[in-house]
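Counting starts at 1 for both ligands and their atoms, following the listed order. Note that the structure is a prediction, hence the values are computed from the model and not measured. Atoms considered below: every heavy atom in the structure, side chains included; atoms not considered: hydrogens, waters and symmetry mates. Numbering of residues begins at 1 and proceeds along the displayed sequence.
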Amino acid sequence: MSIFKTKINQNSESFRRNYFLMKEKVRELEQIMQKSLFQGEEKYLDRNKKSGKLTARERIELLLDQDSPFLELLPLAGLGGDGFAVGGTLTAGIGIISCRLCIITANVGTIKGGSIDYTTLQKNLRISEIALENGLPVINLVESAGANLPDQAKIFNYGGTAFREITRRSKKGLPTISVVFGNSTAGGAYIPGMSDYVIMVKNQAKVFLAGPPLVKMATNEVVDDEALGGADMHSRISGVSDYIANDELDGIRIAREIMENLPSPSKRTENQLPSQAEFLEGSSSFQSGRSAIASPLYNSEEILGVVSADVRIPFDSRELIARISDGSEFSEFKPNYGSTLITGYAAINGYRIGIIANNGVLFSEAANKGTQFIQLCNQNNTPLLFLQNITGFMVGKKYEEEGIIKHGANMINAVSNSTVPAITIITGASYGAGNYAMCGRAFKPRFLFSYPNSKIAVMGPDQLAGVMEIIQRDAAQKAGIDYDEDKGAYIKQKITSEADKQSNAYFATGQLWDDGVIDPRQTRNYLKLCLEVIHNTDFKGTDGYGVFRM
Ligand code: COA
C-alpha cells in the first residue's frame with residue numbers, strides 16, 4: 001500500500017477559514033447533543049432518587065465493562081418533532097459487557113414513565129435491525145409504561161414488529177436479556193415477556209398486562225401492584241422472571257453474569273478498541289500501545305480543515321481517507337479513470353476495507369468504476385466504506401446520449417445486490433440518485449452516520465426552487481396568463497428556505513435517516529467500533545447480480 005502524502009497547507013487562508021467554520025458546526029452539534037442527555041423533569045428525577053433508583057444512563061454506565069466504549073445510536077431521533085424527548089424515551093447503543101459486544105437499550109423511566117411514543121418505537125426497530133444484522137445479543141434495562149396511549153394509532157402495528165423481532169433474534173441464537181427496574185405495563189410487560197432471560201428487581205419491578213385500576217374496572221378485583229406483578233410473585237409463582245435481584249446493582253450484576261455464561265460468539269480482536277475516554281475525545285492518537293496497528297500519520301483534528309463546511313465547495317476525499325486509515329495508507333484502484341469517484345483499499349484498525357469516496361459529480365466513467373469496484377469487493381469479500389459527498393449524476397444532452405441513466409443504474413444495481421457489509425458516512429452533500437448509488441439509507445448499509453455540515457435531499461434548495469420557478473413560468477405561458485413576478489419570488493423564497501431546512505443534517509437525523517450525527521474528528525473511532533461489530537458475523541460477497549444494462 002502507498003502512504004498518502006497530504007497536499008494540505010494548514011497555514012492557508014482557506015484551510016483556516018474552513019477549520020473555523022467546521023469547529024462552529026461541531027460546537028453546535030455538542031450543544032444539540034445536550035438535548036439527548038435530558039433524563040426528565042426535576043420532580044421525576046427527585047422522586048426517582050428518593051426511591052433509591054438510578055437513571056437510565058447511570059444503569060448503562062454500571063452495566064458496561066470498565067473502559068468499554070459506548071457507541072450511542074440515534075441519540076437525536078425525533079429532534080424537531082413533537083415526541084416526548086430528543087432521542088425518544090430510549091437510550092441505546094453498542095458496548096462491551098463481560099467481554100462481549102452487545103446492544104444495550106434503556107427505557108428512560110423518568111420521562112413519561114418510559115412510555116413508548118412513535119419516535120421511540122421507530123428507534124427501537126432500527127436498533128433491533130442492527131442487532132439482528134450484526135449478530136449481537138441485546139440487554140434491555142426496562143422501565144416502561146407501555147404504549148404512549150395518545151399515540152396508539154401510530155404505533156400499534158409497529159409495536160407488534162418490535163416483539164416479533166425479539167423472538168426472531170432468539171431463533172438465530174441471539175438472546176435478549178431484560179432487567180426490569182420499575183413499572184412495566186402492557187407493552188412494557190411484553191418486553192420481558194418475550195425475552196430469553198428476565199431479571200426483576202425486588203420491590204421495584206411491577207410487571208402486568210393491566211395495573212390495579214384497570215383490573216378493578218374490568219373485573220372488580222381489588223389487588224395491589226406488588227401482588228399483581230411484583231418481582232417476588234413473578235419469580236416464585238408465574239415464572240415470568242428467571243432471577244430476582246436484591247437491588248438495581250444486583251440486577252446489573254446478574255445480567256453481566258448471564259452474558260458471561262453465553263457461549264463466546266465474539267470474534268473480537270484483542271483489545272484494539274478505543275476506550276470510552278478516547279472515544280468521546282476523538283483524539284487522533286488511538287494507539288493504546290496494545291497493538292501494532294499504525295495510526296494515521298495526520299492528526300484527526302485536521303479533518304475539520306479538510307472537509308468543506310459549505311457543501312458547494314469541493315474537497316479531495318483522499319485527504320480525509322489519509323486521516324482515518326491505518327498508517328494513512330491507501331491503495332487506489334483506477335486512479336486515472338473516472339476521477340470524480342475515488343476507489344481503493346485501506347485498513348482501519350487492521351481490518352481491510354474497500355473505500356468508495358466522491359470527488360465531484362458522478363459521470364458515466366465514475367459510475368462504471370464504482371460498479372466494478374463493488375463487484376471486486378464482493379469477489380474478495382471485503383466490507384465497503386462509502387464516503388458520500390455527492391451532488392448527483394451529471395445532467396445534460398451529452399451525458400444523456402452516452403447513457404448516464406444506465407451507468408448510474410448499474411452502480412445502484414451493484415450496491416443493491418452487494419452482500420458484503422457496508423458503512424456509509426455522509427461527509428457533505430447527499431443529493432439525488434447519488435445518495436442511492438453511494439449506499440444511502442434505502443440500500444441498507446450496516447451503519448450510516450452524518451457529519452454536522454451535511455445536506456441530504458433530492459437536490460439543493462436553490463436548484464429545487466429554480467426548477468419549480470421554471471415549471472410555473474411554463475405553466476403560466478401555456479395557460480396564456482402573465483407570470484406573477486412578486487408572487488413567484490415569494491413562493492421561490494419559501495420553497496428555498498423550506499427545502500434548506502429539510503435537507504439539514506439535524507432534520508435528517510430527527511427523521512432517523514441516519515444512525516447519528518458525528519464529530520468528524522471521531523470518524524476513525526466510529527469506524528473501529530463498527531468494523532469490530534461487522535466482523536462479529538460471517539459474511540460472503542454475492543456470487544451473482546441481476547441484469548446489468550449495457
Ligand atoms: N402513555 C402516555 N403517558 C403516560 C403513560 C402512557 N402509557 N403512562 C404514564 N404516562 C405519563 C403520565 O401521564 C405522567 O405525565 P406527566 O409527566 O406529563 O404528568 C408521567 O408519564 C408520569 O406518570 P405517573 O403516573 O406520574 O408515574 P408513576 O411512576 O406514578 O406511575 C405507571 C407509573 C406506569 C404505573 C403509571 O403511569 C401508569 O399506570 N401508566 C399507564 C400504564 C398503562 O396502562 N399502559 C398501557 C399501555 S398499552
Side-chain angles (χ1 to χ4, degrees), residues 35 38-56 58-59 77-78 81-91 105-125 140-164 166 178-195 198 200-234 240-241 247-248:
K35 297 186 184 184
F38 178 70
Q39 296 274 281
E41 288 169 33
E42 220 44 53
K43 64 174 176 178
Y44 292 119
L45 292 173
D46 274 356
R47 196 168 74 178
N48 201 58
K49 202 167 180 181
K50 279 192 186 117
S51 51
K53 289 162 81 179
L54 299 165
T55 63
E58 287 167 342
R59 287 169 186 158
D82 57 1
F84 284 158
V86 172
T89 55
L90 190 78
T91 304
T105 76
N107 301 116
V108 185
T110 40
I111 301 177
K112 297 279 179 188
S115 58
I116 297 163
D117 63 357
Y118 180 75
T119 295
T120 306
L121 187 49
Q122 294 303 319
K123 176 168 171 174
N124 181 302
L125 294 178
N140 295 319
L141 307 179
V142 186
E143 182 165 21
S144 169
N148 168 30
L149 291 170
D151 251 7
Q152 61 86 21
K154 279 198 320 201
I155 64 178
F156 184 48
N157 287 311
Y158 292 117
T161 310
F163 299 142
R164 183 193 67 178
I166 299 177
S178 284
V179 192
V180 188
F181 293 93
N183 284 298
S184 295
T185 315
Y190 274 105
I191 303 171
M194 304 296 298
S195 296
V198 178
M200 292 193 191
V201 177
K202 206 192 267 179
N203 301 326
Q204 284 189 202
K206 309 275 188 289
V207 181
F208 25 65
L209 294 187
L214 183 53
V215 170
K216 165 91 172 77
M217 236 174 61
T219 65
N220 220 14
E221 185 185 14
V222 178
V223 58
D224 67 43
D225 55 5
E226 185 61 31
L228 190 62
D232 185 58
M233 187 286 285
H234 280 308
V240 172
S241 166
D247 53 27
E248 298 213 4

Closest protein heavy atom to [atom], given as residue, atom name and distance to 0.1 Å:
atom	answer
atom 31 (O) of ligand 1	Asn183 ND2, 4.2 Å
atom 17 (O) of ligand 1	Tyr44 OH, 2.6 Å
atom 46 (C) of ligand 1	Ala186 CB, 3.7 Å
atom 10 (N) of ligand 1	Lys112 O, 3.7 Å
atom 7 (N) of ligand 1	Ala147 O, 2.9 Å
atom 29 (O) of ligand 1	Arg47 NH2, 3.0 Å

If you count the non-hydrogen atoms of other residues, nucleotides and ligands that lie under 6.0 Å from CZ in Phe156, is the total more than 12?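 Incorrect, the count does not exceed 12.
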Is Asp224 atom CG crowded by more than 12 heavy atoms from other residues, nucleotides or ligands, each under 6.0 Å away?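 Correct, the count exceeds 12.
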Ignoring hydrogens, just give me the one of Ala145, Ser184, Gly211 whose non-hydrogen atom is nearest atom 42 (C) of ligand 1.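 When every heavy atom of Ala145, Ser184, Gly211 is considered, Ala145 comes closest to atom 42 (C) of ligand 1.
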Among Ile116, Ile111, Thr185, which one has a heavy atom closest to atom 43 (C) of ligand 1?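 Among Ile116, Ile111, Thr185, the closest heavy atom to atom 43 (C) of ligand 1 belongs to Thr185.
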Residues [X] and [Y] bridged, charged N to O under 4.0 Å:
X	Y	value
Lys216	Glu221	no
Glu143	Arg59	yes
Lys53	Glu248	no

Between [X] (side chain) and [Y] (backbone), is there a donor-acceptor pair under 3.5 Å?
X	Y	result
Thr110	Gln39	yes
Lys206	Glu226	no
Thr120	Leu90	no
Asn48	Leu54	yes
Asp117	Phe84	yes

Is [atom] in close reach of the protein, with a heavy atom under 4.0 Å away?
atom	value
atom 2 (C) of ligand 1	yes
atom 12 (C) of ligand 1	no
atom 25 (O) of ligand 1	no
atom 38 (C) of ligand 1	no

Which atoms from ligand 1 have a heavy atom of Ser115 less than 4.0 Å away?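 This gives 1 (N), 2 (C), 3 (N), 4 (C), 5 (C), 6 (C), 7 (N) as the contact atoms.
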For ligand 1, is any non-hydrogen atom under 4.0 Å from Asn148's backbone (N, CA, C, O), its side chain (CB onward), both, or neither?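 Both backbone and side chain.
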Is it the side chain (CB and beyond), the backbone, both or neither of Glu41 that lies under 4.0 Å from ligand 1, heavy atoms counted?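 The answer is neither.
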Are any of the N/O atoms in Leu149 less than 3.5 Å from those in ligand 1?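 N/O-N/O distance under 3.5 Å: yes.
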